[in-house]
Amino acid sequence: MAALYMLLYPLSKPVVKLGSISVLSSKSTAMLWAQAPAHTRVAGVFHLRKTVGLEDLEERARNILESSSYAPIFRFVTKRGKNLSSRRIVEMWIDRG
């Protein structure tokens with residue numbers, strides 16, 4: 001069982017980070033919130049019938065979203081890049097306080 005989640009970071013162009021976790025882990029929720037997003041949504045929970053790497057699941061979802069009507073509004077990433085540095089995330093939360 002794997003969950004695909006989406007984290008929203010409201011930067012100059014909003015960034016949606018896609019990730020996946022095993023829902024069999026008792027630490028699943030803590031792993032989501034430890035990434036300090038503005039909003040978190042579980043996009044889907046999948047019972048995979050064959051072995052698929054979680055990174056592959058994330059990449060497939062990113063490819064679908066990048067070809068959707070949401071592409072001009074959001075930037076979709078699967079790993080934290082330069083625009084999502086830890087410092088930038090902390091500054092985002094300080095500004096909201």
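- Note that the CG atom of L57 and the OG1 atom of T78 stand 11.0 Å from one another [nearest 0.5 Å].
- Of all heavy-atom pairs spanning I73 and P14, the tightest one is O-CD, 3.5 Å.
- Rounding to the nearest 0.5 angstrom, the gap separating the CG atom in L18 from the CD atom in E59 is 9.0 Å.
- For K13 against R75, the heavy-atom pair with the smallest separation is CE-N, 4.1 Å.
- Annotation: the span from M6 atom CE to L65 atom CG amounts to 5.0 Å, rounded to 0.5 Å.
- Applying the side chain to side chain contact (heavy atoms under 4.5 Å, CB included) criterion to E66, with sequence neighbours excluded, gives R62, N63, F76.
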(request) Would you check, one step at a time, whether the test side chain to side chain contact (heavy atoms under 4.5 Å, CB included) holds for V77 with V15? (result) CA-CA 7 Å; V77 299; V15 174; 3.8 Å; yes
